[in-house]
Amino acid sequence: MYNCPTQYLILLICAPHSAMSTPSDTQPDTLDPEDWNALRAQGHRMLDDMFDYLAQIRSRPVWQPIPDTVSAQFRQPLPQQPSDIAAAHQTFMQTILPYAIGNAHPGFMGWVHGGGTPVGMLAEMLAAGLNANLGGRDQIPVEVERQVLRWVCELFGFPENASGLFVTGTSMATLIALLVARHAALGAEVRTQGIAASGKRLTAYTSTNAHGSIAKMIDVAGLGTDALRMIPVNAHYQMDIDALEQTIAADRAQGYTPFFIAATAGSVNTGAIDPLAAMADSARRQGLWFHVDGAYGALAMLSPEIAPRLAGLERADSIAFDFHKWGQVPYDAGFILIRDSRQHFDTFASPAAYLRRETQGMAGGSPWPCDFGPDLSRGFRALKTWFTLQVYGAEKLGKVIAHTCELARYLEQRIAQTPELELLAPVSLNIVCFRYRCSDANRVNAEIVIALQESGIAAPSATTLDGKLAIRAAIVNHRTNKGDIDALIRATLDFGGAKIAT
Ligand SMILES: *Cc1c(COP(=O)(O)O)cnc(C)c1O
């Protein structure tokens with residue numbers, strides 16, 4: 001009471017008893033602890049465990065198969081009674097933490113997964129404590145998201161008034177880009193009457209090397225995957241521009257309405273970068289929306305060495321990318337950037353009485369993030385991203401990205417020097433596709449990938465290139481070093497040798 005402002009004291013005295021709680025009231029139904037000090041000590045133990053996990057991650061296997069007894073722990077009936085947080089923490093340490101996929105580990109090279117950072121982890125804790133909902137309203141968390149948006153515009157050479165927002169990942173970002181492009185192509189009526197009423201048959205274009213999320217989102221957007229033309233690629237897995245132009249012309253001749261070109265900056269299979277500038281030219285000439293799937297590759301703009309290879313990115317109408325891959329921000333932190341904020345707003349803004357805007361008070365700060373995407377309730381993904389950029393700085397993050405590419409070149413070199421191994425695709429960025437030479441190579445290499453993963457030494461994934469099964473190492477993690485590459489080579493040779501001996 002001693003430090004209470006006078007207004008509060010007056011309120012307390014004047015307020016009807018039912019409307020005000022006094023400090024002596026107990027709240028049996030609150031979810032806060034009775035003893036904050038005990039929880040504080042528990043919290044510190046949890047934090048220490050996660051610091052230990054990250055600091056000592058090298059001493060663990062990358063991944064290990066999950067025992068049935070562990071899976072069984074997660075087939076229990078709904079708990080009716082409370083239990084101790086310390087017990088839940090023990091369950092986490094014993095049955096959850098050891099059986100994650102392992103992308104924080106330096107030996108993880110599967111798919112395209114970021115490694116995360118301790119700074120991102122701490123920021124997640126702060127965000128969860130604040131429990132901000134970033135759908136809108138006048139609050140600094142939304143300003144933090146706008147700060148990241150302006151940084152992204154600066155990085156990608158976009159105008160300052162471009163719009164954008166955090167989403168789960170590039171898949172969702174791609175959906176938003178498609179919906180804005182659809183709105184730009186068909187006009188506002190598409191929101192009330194749907195696509196069919198336009199009488200137009202929209203078509204979109206991407207390469208055969210593009211990520212499957214593009215086709216998936218073409219489907220989700222109601223266009224049907226037949227509307228997506230898969231353009232062939234050259235020997236470097238880049239889109240063939242002549243084939244693109246011919247396909248667009250053929251579609252126009254048949255009465256289709258081409259509307260969307262999706263380039264890839266850093267393809268998931270081989271790390272290829274489509275000819276962005278030439279595709280931007282095509283899109284401009286043809287009056288089509290130019291989208292770039294930069295899921296992992298767009299952030300290579302942070303590296304002055306790699307950035308020139310992304311020339312043309314700055315001409316995109318939209319860029320979909322993830323901070324949770326090369327940006328090392330903990331999952332999930334996807335982002336959609338749209339050049340034309342008016343089109344973006346017009347695609348999603350939906351007036352509702354209970355979302356009424358004001359120029360003052362908490363309902364200020366319009367337009368809100370919910371006016372630029374399908375989500376209304378939204379978490380504070382911006383905070384862990386803001387912390388990551390603020391604490392590490394763009395230069396350091398760019399160096400991390402460049403280093404993973406250096407490691408990929410080192411792996412390429414090691415493969416070239418090892419007669420048992422063969423490179424299966426040119427190394428463009430940080431992804432290396434190779435295989436162990438032998439007869440029945442597809443079967444043997446698939447088995448090698450599984451053996452590597454189960455060994456816990458190194459964890460690449462598999463892909464297929466021109467019918468050949470490839471061991472695919474995507475070096476994304478900031479913790480990976482040359483020793484990890486050497487370990488991958490050594491284990492591949494060991495398992496390969498053992499497989500052909502049996
Ligand atoms: C990862 C990836 C995607 C999908 O992104 P999500 O964040 O998983 O939705 C799309 N395209 C490429 C090139 C990717 O690497």
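Each ligand, and each atom within it, is numbered from 1 in the order the structure gives. Computed from a predicted structure; not experimentally measured. Because only heavy atoms are used, hydrogens play no part in the values below, and waters and symmetry mates are left out as well, while side chains stay in. The residues of the chain are indexed from 1 along the displayed sequence.
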Give the atoms of ligand 1, by number and element, whose distance to some non-hydrogen atom of [X] is under 4.0 Å.
X	answer
His324	7 (O)
Gly169	7 (O), 9 (O)
Ser171	4 (C), 5 (O), 6 (P), 9 (O)

Could you point out which residue of Val292, Val152, Ile336 forms a side-chain contact (heavy atoms from CB on, under 4.5 Å) with Phe321? Val152
Tell me which one of Gln343, Arg342, His344 satisfies side-chain hydrogen bond (donor to acceptor under 3.5 Å, both in side chains) with Asp346. Arg342
If you round to the nearest 0.5 Å, how far is CG of Leu165 from CZ of Arg146? 11.0 Å
State, without any angle test, whether Asp322 and Thr170 hold a side-chain donor-acceptor pair at a distance under 3.5 Å. yes
Please confirm whether Gly266 comes under 4.0 Å of ligand 1, counting heavy atoms of the residue only. yes
Could a heavy atom of Lys325 be found less than 4.0 Å from some atom of ligand 1? yes
For residues 394-407, dump all side-chain donor-acceptor pairs below 3.5 Å to protein atoms at least two apart in sequence or in another chain.
{"from": "Thr404", "atom 1": "OG1", "to": "Trp326", "atom 2": "NE1", "distance (Å)": "3.1"}
{"from": "Thr404", "atom 1": "OG1", "to": "Ile401", "atom 2": "O", "distance (Å)": "2.7"}

Would you say Asn103's side chain and Gly114's backbone share a donor-acceptor pair under 3.5 angstrom? yes
Treating Arg472 as the side-chain partner and Val268 as the backbone partner, does any N or O pair qualify as donor plus acceptor under 3.5 Å? yes
Considering non-hydrogen atoms of the protein only, which is the closest contact for [atom], and what is the distance?
atom	answer
atom 4 (C) of ligand 1	His211 CE1, 3.6 Å
atom 11 (N) of ligand 1	Asp293 OD2, 2.7 Å
atom 12 (C) of ligand 1	Ala295 CB, 3.2 Å
atom 7 (O) of ligand 1	Asp322 OD2, 2.7 Å

Counting only nitrogen or oxygen atoms and a 3.5 angstrom limit, does Thr264 reach ligand 1? no
Compute the shortest N/O to N/O distance between Ser267 and ligand 1 and return yes if it is under 3.5 Å, no if not. no
Backbone, side chain, both or neither: what part of [X] comes under 4.0 angstrom of ligand 1, heavy atoms only?
X	answer
Thr170	both
Met172	neither
Ser213	side chain

side-chain hydrogen bond (donor to acceptor under 3.5 Å, both in side chains) between Asp486 and Tyr410, intermediate numbers included: CA-CA 9 Å; Asp486 292 335; Tyr410 174 67; 2.6 Å; yes
Arg182 to Phe259 six-membered ring, cation-pi geometry met (6.0 Å, 45°): no
